[in-house]
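Working notes, beginning with the structure itself.
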2 protein chains.
Amino acid sequence: MILLEHPSLDDVEQRLREVILWRRLAIIVGFFSVDYYGRASSYLESGERLIIIKEDGSVLIHRSVGYKPINWQPSSSRIRMERKDGILILEVIRMKPREVLRIKLERVKLLYIDKLVDTGAFEMYLTEEDMKRIFIRNPGLIEPGLHIITSEKEVGSGKADIVARDSSSNIVIIELKKHKIGVNEVLQLNKYVSELRVTNKNVRGIIIGTDISSDAMELAKRLKLEYKVYSLRALSQYKRK
Amino acid sequence: MILLEHPSLDDVEQRLREVILWRRLAIIVGFFSVDYYGRASSYLESGERLIIIKEDGSVLIHRSVGYKPINWQPSSSRIRMERKDGILILEVIRMKPREVLRIKLERVKLLYIDKLVDTGAFEMYLTEEDMKRIFIRNPGLIEPGLHIITSEKEVGSGKADIVARDSSSNIVIIELKKHKIGVNEVLQLNKYVSELRVTNKNVRGIIIGTDISSDAMELAKRLKLEYKVYSLRALSQYKRK
DNA sequence: GCTTTAGTCGGGCAA
DNA sequence: TTGCCCGGCTAAAGC
């Protein structure tokens, strides 16, 4: 663990070479400008900000507000360094798509280098994937007598979340949403259903979410699609392992 | 500017109260677990990570790899603190949607508090907005004899990027994409064009991007839509201002 | 308040 | 590798 206050740029350069070589986490508070070009391009004038270099080579530049970094480069980026005209240039390069981030460090207030000991597991609950699992295990929640045929079935140009057969042997295409159903979600379901209806009239489409907008409700009726809303609370009791 | 190595949790609590009160940036390296619940829920077991508290109340928790924070809360979240069983609980609460992030700090390795002096402007170039401006100023790039009627025109349920008239007086709906055109982009254009074709057969649709997938190309032909690809390099020379 | 769309979206998964 | 879709998407603009 290394902690330097107001290090010289020579020191910073030397330490960061070790960071890159040994894959360490570096936190830099400094005064710098940033050039970026690639899919888009941008220029950030000089100011005090935070740079985070992660062990996988991803680089984040954060200002003092906001969730998102103002500039960044994702993991597996290459980092090069260069001294020039009294400043330290950090060039972070991503191939495919080729993108270049150039940080012109004028001075550094804080340099912290460490390797975090972090073996703790992360688990996320009740994602759309969880929902799907719940409905597949409990198809009666959707409709009595429903039988799951398959999930993630190819339907022409896309994938339906669940394909089932109802008690009258109709094919049922089911689209799941964790949130409120809008017009776009209905259109997405319609994309799948309408392609199947070309050859088979007895295809039903059901969209399931936590709520539905009145526009989406109307559109669903017009397209002869069905909708259902469930409560997150009601569903979560079916969640197991 | 405050910099503490291995501060006690009492110290951390006291300092963070000042951070919240005075709206400062805080960087914490420590050992902790994280609970989150709201739109989804998650649990992160104990480990060493980085916490960033920004001046606007946004909170980011970063592990040693990856572009994205593992947990977070956006700006204008409320932060509460509590000591319990020898640990420091940081509760970050967002209303609407109601979401709670609970950080159980067991120990702190580094606490850095500062107010960044950052007045530098940020400018981004060649966004989709820039593209639109270029094509509106130079409609001949799309097709000789094309005249722009309007941009951001309401077309039924959405907005077409550009509406124009060709040399044969056909209405031309133009959709711009900065990236590769996929099936969805073609469908989006079709949504607009098909609504107009109900009343007017002479409506053309052109989708413009930097590349196009073979599926999208096929779909466009089937829907009687046109496509064009441009190179970013070719376009950027038209950028001025 | 809601809806729609862009994003340097990132990240994952399957063909 | 390419293409597609999900995300606690976020963020901005329009209604």
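By convention in this document, chain letters (A, B, ...) are assigned in the order of the sequence lines, proteins followed by strands, and residues within each chain are numbered from 1. Computed from a predicted structure; not experimentally measured.
Contact check on B:E55 versus B:R23 returns no salt bridge, with no Lys/Arg side-chain nitrogen under 4.0 Å from an Asp/Glu carboxylate oxygen. Using a 4.0 Å cut-off between charged side-chain N and carboxylate O, B:E99 and B:R94 make a salt bridge. Salt bridge annotation for A:E106-A:K104: absent, with no cationic side-chain nitrogen under 4.0 angstrom from a carboxylate oxygen. Ion pairing of A:E91 with A:R80 is present here, as a side-chain N (NZ or NE/NH1/NH2) and a carboxylate O approach within less than 4.0 Å.
The separation between B:D130 atom CG and C:dG7 atom C1' is 14 Å, rounded to whole Å. Atom C1' of nucleotide C:dT8 and atom NZ of A:K96 are separated by 17 Å, given to the nearest angstrom. Between A:Y67 atom OH and D:dA12 atom P there is a gap of 14 Å when expressed in whole angstrom units. In this structure, CE of A:M124 is placed 9 Å from P of D:dG7, rounded to the nearest angstrom. The distance from atom CD1 of A:I93 to atom C1' of C:dT8 is 16 Å, rounded to the nearest whole Å. Look at CZ on B:F122: it is 13 Å from P on C:dG7, rounded to the nearest Å. Taking atom CG of B:D211 as the reference point, atom P of D:dT2 lies 9 Å away to the nearest angstrom. Between the CG atom of A:D161 and the P atom of D:dC4 there is a distance of 17 Å, rounded to whole Å.
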Quiz item: Between A:R165 and A:L146, does a side chain to side chain contact (heavy atoms under 4.5 Å, CB included) hold up when you go through it step by step?
Solution: CA-CA 6 Å; A:R165 194 177 288 279; A:L146 200 74; over 6 Å; no

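The separation of C:dT5 from D:dG7, taken at their C1' atoms, amounts to 16 Å, rounded to a whole angstrom. For the C1' atoms, the distance from D:dC6 to D:dT10 is 14 Å, rounded to whole Å. Here the separation of D:dC5 from C:dG7, taken at their C1' atoms, is 15 Å to the nearest Å.
The minimum heavy-atom distance linking B:Y125 with B:D130 is given by the pair C-OD2, 3.4 Å.
Dashed line: the shortest gap from a side-chain N or O of A:K68 to OP1 or OP2 of D:dC9 is not under 4.0 Å. Residue A:W72 has a polar side-chain atom (N or O) positioned under 4.0 Å from OP1 or OP2 of C:dG10. OP1 or OP2 of D:dC6 lies within a sub-4.0 Å distance of a side-chain N or O belonging to A:Q188. Look at B:K178 and you won't find any side-chain N or O under 4.0 angstrom from OP1 or OP2 of C:dT5. Side-chain nitrogen and oxygen atoms of B:N184 include at least one within less than 4.0 Å of the OP1 or OP2 phosphate oxygen of D:dC5.
B:G182 comes within 4.0 angstrom of sugar-phosphate atoms only, judged by non-hydrogen atoms across all strands, and of no base. Nucleic acid contact class of B:E99 (heavy atoms, under 4.0 Å, all strands): base. Residue contacts shown for A:S213 are limited to sugar-phosphate atoms, with no base heavy atom under 4.0 Å away. Counting any heavy atom pair closer than 4.0 Å across all strands shown, B:E175 reaches sugar-phosphate atoms only and no base atom. A:I70 comes within 4.0 angstrom of a base, heavy atoms only.
Figure legend: A:R49 and A:F32 shown as a cation-pi pair, the cationic atom lying under 6.0 angstrom from the six-membered ring centre and within 45 degrees of its axis.
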Which atom pairs, donor and acceptor, lie under 3.5 Å between side-chain atoms of residues 211-226 of chain B and protein residues at least two apart or in another chain?
{"unit_1": "B:S213", "atom_1": "OG", "unit_2": "B:A216", "atom_2": "N", "d": "3.1"}
{"unit_1": "B:E226", "atom_1": "OE1", "unit_2": "B:R204", "atom_2": "NH2", "d": "2.7"}
{"unit_1": "B:E226", "atom_1": "OE2", "unit_2": "B:R204", "atom_2": "NE", "d": "2.9"}

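Toward the 5′ end of DNA chain D lies the nearest nucleotide of B:A216, the other residue of the pair B:A216 and A:G66 mapping further downstream. The 5' end of DNA chain C is approached more closely, in terms of each residue's nearest nucleotide, by A:I181 than by the other of A:I181 and B:H179. Nearest-nucleotide mapping onto DNA chain C: of A:I212 and A:P74, the residue sitting toward the 5' end is A:I212.
Under 3.5 Å, the side chains of A:N71 and A:S42 contain a donor-acceptor pair of N or O atoms.
Only B:Y36, B:R39, B:A40, listed by number, bring a heavy atom of residues 23-41 of chain B to less than 4.0 angstrom from any atom of DNA chain D.
In the interface, the side chain of A:N71 is paired with the base of C:dT8 through a donor and an acceptor atom under 3.5 Å apart.
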